[in-house]
Q: 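Structure in structure tokens, see below.
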Amino acid sequence: MLSILARHSSLLLILAAMLGFIFPTASAVIFPTLPYVLFFLMLFTLLGMKQRLLVELLTKSNIWLYACFHSIALTLISILFAKALGANASLTLAISAVGATGSLFATPAIARSVNLDPLKAMAMTIASTLLMPIVLYTNLLLFQDDNFTLDMHSYIQRLVIFIFGPMLFSAIFYRFTPHQLLHRIHGKLSQVTIILVLAFPFGLIGSFREVFDQSLSEGLLYLAIGIAICTLYFIVGFLCYRRNGIDEALLAAITSANRNVLLTFTVAGSYLGPDFLILMGAIQLPTYCLPMLVKWLNRYLSQNKVHKAINS
């Protein structure tokens with residue numbers, strides 16, 4: 001059953017977002033449980049990776065250059081667009097927080113589902129997640145009002161629990177678990193992680209539906225902003241890494257556009273302003289449409305490459 005669900009995960013993620021939008025009350029019930037789901041998703045994703053190879057990747061400069069591109073460069077680009085389009089202070093803060101956010105911990109499972117390198121996706125995800133607190137804190141200082149104060153004790157506590165906690169547990173597990181057992185559970189854990197991800201589009205989109213109920217035009221505006229953010233990050237990621245080949249470009253694109261906004265919300269909460277919660281829901285549908293788009297693009301670009309090779 002898990003393998004069947006994992007095989008059709010791209011379609012199920014879109015369906016989960018649509019169901020969460022249709023049933024906002026059920027979405028609101030799931031929402032408070034999502035931080036716990038996030039913790040186990042991060043833990044299971046890390047356990048499903050070969051730690052030695054992952055650590056080796058994390059020592060490479062290109063992974064950290066990508067993290068700077070993901071968190072810093074894309075933040076600057078999106079803020080420039082927001083300012084150019086006349087976004088108010090609250091919306092600019094929300095967009096800057098999305099820009100600072102690391103990639104989804106489901107990205108390796110999504111990468112695997114579209115035949116991209118899940119281990120490299122995991123390294124890129126961890127690097128962008130570790131850089132996120134610094135960029136997010138800087139953005140909060142720059143774009144909050146003069147009365148802004150960040151409770152550093154609470155901020156650091158949440159960082160330890162939701163970022164370093166899963167990493168520590170996974171390191172301990174690898175240290176004391178026989179390698180044969182680890183080898184057997186790798187495949188199953190990758191299937192479990194993609195199933196856990198279904199809770200996020202379903203649980204996060206409820207607040208966005210509330211905006212639609214109050215004002216259709218405002219709801220469509222936030223949806224347009226969400227689509228614009230995901231499209232911008234995807235296109236810029238693809239173009240910046242295109243010279244490294246199709247697979248590298250698609251991996252950078254999908255990793256750039258996948259944003260772990262729940263982790264940002266869990267870590268910074270009310271400091272992010274009212275627009276962030278709405279935007280967090282608005283980007284769910286475009287985010288989870290990306291795997292199907294990447295599958296189509298990968299097939300199209302690969303076929304195009306073969307045709308060019310034959311013709312030449």
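Just so you know, these numbers come straight off a predicted model, no measurement behind them. Values below: every heavy atom of this structure, side chains too, minus hydrogens, waters and symmetry copies.
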Q: Each residue besides Y36 in its hydrophobic cluster should be listed here, by chain and number; the cluster joins Ile, Leu, Val, Met, Phe, Trp and Tyr at side-chain heavy-atom distances under 4.5 Å.
A: none
Q: Go through the structure and list residues passing ring pair (Phe, Tyr, Trp, His ring centres under 6.0 Å) with F212, not counting sequence neighbours.
A: F21, F208
Q: Please examine the side chains of I79 and F143, heavy atoms only from C-beta on, and report whether any two atoms are closer than 4.5 Å.
A: yes
Q: Quick check for you: to the nearest 0.5 Å, what is the distance between S96 atom OG and L74 atom CG?
A: 13.0 Å
Q: Taking side chain as C-beta onward, heavy atoms only, is S170 less than 4.5 Å from L43?
A: yes
Q: If you apply the rule side-chain contact (heavy atoms from CB on, under 4.5 Å), what do you find for K120 with N62, and how did you get there?
A: CA-CA 11 Å; K120 189 166 187 179; N62 65 323; 3.8 Å; yes
Q: Do side-chain atoms of S207 reach the backbone of L277 as a donor and acceptor pair under 3.5 angstrom?
A: yes
Q: Do L65 and I126 land in one hydrophobic cluster if side-chain heavy atoms of ILVMFWY residues count as linked below 4.5 Å?
A: no
Q: Would you give me the side-chain donor-acceptor pairs under 3.5 Å for residues 23-30, sequence neighbours excluded?
A:
residue: S27; atom: OG; partner: F202; partner atom: O; Å: 2.7
residue: S27; atom: OG; partner: G203; partner atom: O; Å: 3.2
residue: S27; atom: OG; partner: G206; partner atom: N; Å: 3.1

Q: So does W64 get a backbone contact from the side chain of H70, meaning a donor-acceptor N/O pair under 3.5 Å?
A: no
Q: Would L142 end up clustered with I95 when hydrophobic side chains under 4.5 Å apart are linked, directly or stepwise?
A: yes
Q: Measuring from atom CD1 of I205 to atom CD1 of I283, what distance do you get when rounded to the nearest 0.5 angstrom?
A: 10.5 Å
Q: Determine, using the 4.5 Å side-chain heavy-atom cutoff (strictly less than), whether L85 and L91 are members of one ILVMFWY cluster.
A: no
Q: If every non-hydrogen atom of A111 is compared with every non-hydrogen atom of D117, which pair is closest and at what distance?
A: CB-O, 4.3 Å
Q: Which of these passes side chain to side chain contact (heavy atoms under 4.5 Å, CB included) with L263: T129, L136, L41?
A: T129
Q: Which residues satisfy the side-chain hydrogen bond (donor to acceptor under 3.5 Å, both in side chains) test with S103, sequence neighbours excluded?
A: T107
Q: Using a 4.5 Å cut-off on heavy atoms from C-beta on, say whether the side chain of T138 contacts that of T75.
A: no
Q: With side chains defined as the heavy atoms from C-beta onward, is the minimum distance between L104 and T287 less than 4.5 Å?
A: yes
Q: Does some side-chain heavy atom of V261 sit less than 4.5 Å from a side-chain heavy atom of L279?
A: no
Q: Kindly state each residue pair satisfying side-chain hydrogen bond (donor to acceptor under 3.5 Å, both in side chains) with at least one member in residues 231-241, sequence neighbours excluded.
A: S78-Y233
Q: Determine whether a donor-acceptor pair (N or O, by modelled atom type, separation under 3.5 Å) exists between the side chain of T255 and the backbone of A252.
A: no
Q: What is the minimum heavy-atom distance between A82 and T92, and which atoms define it?
A: CB-OG1, 4.5 Å
Q: Would you say the side chain of L46 lies within less than 4.5 Å of the side chain of F173, judging by non-hydrogen atoms?
A: no
Q: Do I229 and F81 come within less than 4.5 Å of each other through their side chains, counting heavy atoms only?
A: no
Q: Run the side-chain hydrogen bond (donor to acceptor under 3.5 Å, both in side chains) test against S215 and tell me which residues pass, sequence neighbours left out.
A: S217
Q: Do you reckon V55 sits in the same ILVMFWY cluster as M42, going by side-chain contacts under 4.5 Å, direct or chained?
A: no
Q: For A123, check side chain to side chain contact (heavy atoms under 4.5 Å, CB included) against everything at least two apart and list the hits.
A: L54, L57, L58, I63
Q: Working to the nearest 0.5 Å, report the span between CD1 of I235 and SG of C230.
A: 11.0 Å
Q: Between atom CZ of F234 and atom CD1 of I227, what is the distance when rounded to the nearest 0.5 Å?
A: 14.5 Å
Q: Quick check for you: to the nearest 0.5 Å, what is the distance between F39 atom CZ and F169 atom CZ?
A: 5.0 Å
Q: Tell me every residue that passes salt bridge (charged side-chain N to carboxylate O under 4.0 Å, His left out) with E210, counting only those two or more places apart in sequence or in another chain.
A: none
Q: Looking at S256, S61, S128, which hits side-chain hydrogen bond (donor to acceptor under 3.5 Å, both in side chains) with Y66?
A: S256
Q: List in chain and number order the residues that pass side-chain hydrogen bond (donor to acceptor under 3.5 Å, both in side chains) with T125, two or more places apart in sequence or in another chain; answer none if no residue qualifies.
A: none
Q: The criterion is side-chain hydrogen bond (donor to acceptor under 3.5 Å, both in side chains); which residues satisfy it with N88, sequence neighbours excluded?
A: none
Q: Would F69 and I77 show up in the same hydrophobic cluster when neighbours are defined by side-chain heavy atoms closer than 4.5 Å?
A: yes
Q: Can you check side-chain contact (heavy atoms from CB on, under 4.5 Å) on L272 and L140, steps first, answer last?
A: CA-CA 8 Å; L272 301 172; L140 287 170; 4.0 Å; yes
Q: With a 4.5 Å limit on heavy-atom distance, are the side chains of L290 and N258 in contact?
A: yes
Q: Please find the pair of heavy atoms, one from M132 and one from A100, that lie closest to each other, and give the distance.
A: CG-O, 3.1 Å
Q: Considering only Ile, Leu, Val, Met, Phe, Trp and Tyr, and joining two whenever side-chain heavy atoms are under 4.5 Å apart, list the other residues clustered with L168.
A: I172, F176
Q: Quick check for you: to the nearest 0.5 Å, what is the distance between L12 atom CG and L19 atom CG?
A: 10.0 Å
Q: Go through the steps for N260 and L38 under the test side-chain contact (heavy atoms from CB on, under 4.5 Å), then give the verdict.
A: CA-CA 9 Å; N260 195 355; L38 174 66; 3.7 Å; yes
Q: Shortest non-hydrogen contact from L285 to A17?
A: CD1-CB, 4.0 Å
Q: Quick one: salt bridge (Lys or Arg N to Asp or Glu O under 4.0 Å) pairs with a partner in residues 76-91, sequence neighbours left out?
A: none
Q: Verify side-chain contact (heavy atoms from CB on, under 4.5 Å) between F276 and L93, making sure each step is shown before the conclusion.
A: CA-CA 8 Å; F276 184 81; L93 173 64; over 6 Å; no
